[in-house]
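Counting starts at 1 for both ligands and their atoms, following the listed order. As the structure is a computational prediction, the values presented were derived from the model and not from experiment.
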Amino acid sequence: MSEPIIELHELTKKYGKFTAVDHINLSVQKGEIFGILGPNGAGKSTTILMMLGLTDPTSGTVQVCGINSTRNPIQVREKVGYLPEDVGFYDDMTGIENLLYTARLNRIPEANARTKAEELLERVGLPVDTQKKAGKYSRGMRQRLGLADVLIKQPEVIILDEPTSGIDPAGVQEFMDLIRQLREENGLTVLFSSHHLDQVQQICDRVGLFGGGKLLAEVNVNELQNEEHGLENMYNRYFGGGKSHE
Ligand SMILES: Nc1ncnc2c1ncn2[C@@H]1O[C@H](COP(=O)(O)OP(=O)(O)OP(=O)(O)O)[C@@H](O)[C@H]1O
């Protein structure tokens with residue numbers, strides 16, 4: 001049975017006379033991996049910011065886990081983990097120290113926090129007892145630590161913005177497998193915003209194509225399964241252009 005966990009209704013954001021997000025209606029179901037695709041300036045980030053309650057809509061509504069993000073931004077952020085493209089850490093602290101810091105901010109009891117942090121480091125494939133400071137981590141290690149940092153508060157929804165950029169191909173594959181496992185084992189709902197069409201096609205159940213502030217189409221990725229570049233062809237039908245969407 002499907003159960004909507006993210007619901008946008010006529011969601012609109014204007015900056016002066018400019019409409020960045022234009023009457024978007026969308027329903028993402030619990031346990032779905034939903035892709036957000038579109039060219040620069042399509043309104044993807046603004047939509048995500050409204051989901052997180054970090055910017056207010058001009059009109060329309062956004063609900064996540066049944067909570068109105070605009071009216072109750074703090075409650076929403078307790079349920080939603082957000083991994084931005086460039087994660088910020090305390091660079092002079094180790095991975096586990098960073099996780100414990102986030103755990104304290106989220107009022108996770110100290111005793112549980114250490115066990116949880118160690119479990120998560122293992123889960124994302126980072127060494128548990130290293131003295132290496134986060135400032136010395138490679139890009140791929142930072143993304144893995146970012147994912148652990150998002151997961152420590154046990155969110156119901158995670159929003160990943162270009163999570164694989166700068167990671168080598170083997171690392172990308174591991175990262176994607178991990179996301180899928182998290183959905184399967186924990187019933188996590190994932191919003192995956194990326195310009196990498198092949199990754200989106202590989203991991204997502206459905207994809208929303210954003211353009212000019214509008215949700216132009218919702219694509220069921222299963223229906224493209226037999227087409228090697230199915231999503232890319234579909235993207236090009238809407239937005240034109242060549243192979244790269246970096
Ligand atoms: N604070 C702001 N003030 C004015 N205009 C803004 C503001 N934030 C975003 N915009 C405009 O709104 C439009 C949508 O921006 P948004 O960042 O949501 O696009 P995006 O799809 O996330 O793009 P990208 O792929 O480049 O991240 C853009 O034209 C942008 O210039």
### Query
With backbone taken as N, CA, C and O and side chain as the heavy atoms from C-beta onward, which portion of Phe18 lies under 4.0 Å from ligand 1: side chain, backbone, both, or neither?
side chain
### Message
Just checking Lys153: does its NZ atom have more than 12 heavy atoms from other residues, nucleotides or ligands closer to it than 6.0 angstrom?
### Response
yes
### Query
What residue and heavy atom of the protein are closest to atom 17 (O) of ligand 1, and at what distance?
Ser45 CB, 3.7 Å
### Query
In terms of atom number and element, which parts of ligand 1 are under 4.0 angstrom from non-hydrogen atoms of Pro39?
21 (O)
### Task
Could you find the nearest protein heavy atom to atom 16 (P) of ligand 1 and give me its residue, atom name and distance?
Thr46 OG1, 3.5 Å
### Summary
Counting from 1 in the order shown, the ligand 1 atoms closer than 4.0 Å to a non-hydrogen atom of Asn40 are 23 (O), 24 (P), 25 (O), 26 (O)
#### Entry: side-chain hydrogen bond (donor to acceptor under 3.5 Å, both in side chains) assessment of Arg123 paired with Gln181
CA-CA 10 Å; Arg123 189 86 211 258; Gln181 273 172 26; 3.1 Å; yes
### Query
Can you find a protein heavy atom closer to atom 21 (O) of ligand 1 than 4.0 Å?
yes
### Message
Return the closest protein heavy atom for atom 25 (O) of ligand 1 as residue, atom name and distance.
### Response
Lys44 NZ, 2.7 Å
### Message
To check your reading of the model: name the closest protein heavy atom to atom 23 (O) of ligand 1, its residue, and the distance in Å.
### Response
Gly41 N, 2.8 Å
### Enclosure of Ile74 CD1 (heavy-atom neighbours >12, cutoff 6.0 Å)
no
### Carboxylate-amine/guanidinium contact Arg139 Asp86, below 4.0 Å
yes
### Message
Does the protein come close to atom 30 (C) of ligand 1 - that is, does one of its heavy atoms sit below 4.0 Å from that atom?
### Response
no
### For His195, the ligand 1 atoms whose distance to one of its heavy atoms is below 4.0 Å
25 (O)
### Message
Can you confirm whether Phe210 sits close enough to Thr46 that some side-chain heavy atom of one is under 4.5 Å from a side-chain heavy atom of the other?
### Response
no
### Task
Look at Arg142 together with Asp91 and state whether they make a salt bridge at an N to O cut-off of under 4.0 Å.
yes
### Query
Quick one: which ligand 1 atoms are inside 4.0 Å of a heavy atom on Ala42?
19 (O), 20 (P), 21 (O)
#### Entry: Those atoms of ligand 1 less than 4.0 Å from some heavy atom in Ala20
12 (O), 13 (C)
### Query
Do you know which two heavy atoms are closest between Ile152 and Ala103, and how far apart they sit?
CD1-CB, 4.1 Å
### Query
Where is the nearest protein heavy atom to atom 5 (N) of ligand 1: which residue, which atom, and how far?
Tyr15 CD1, 3.4 Å
### Query
Is there side-chain contact between Ile167 and Glu174, with heavy atoms separated by less than 4.5 Å?
no
### Message
How about CZ on Arg114, more than 12 heavy atoms from neighbouring residues, nucleotides or ligands closer than 6.0 Å, or not?
### Response
no
### Message
So for Gly38, does at least one of its heavy atoms come nearer than 4.0 angstrom to any atom of ligand 1?
### Response
no
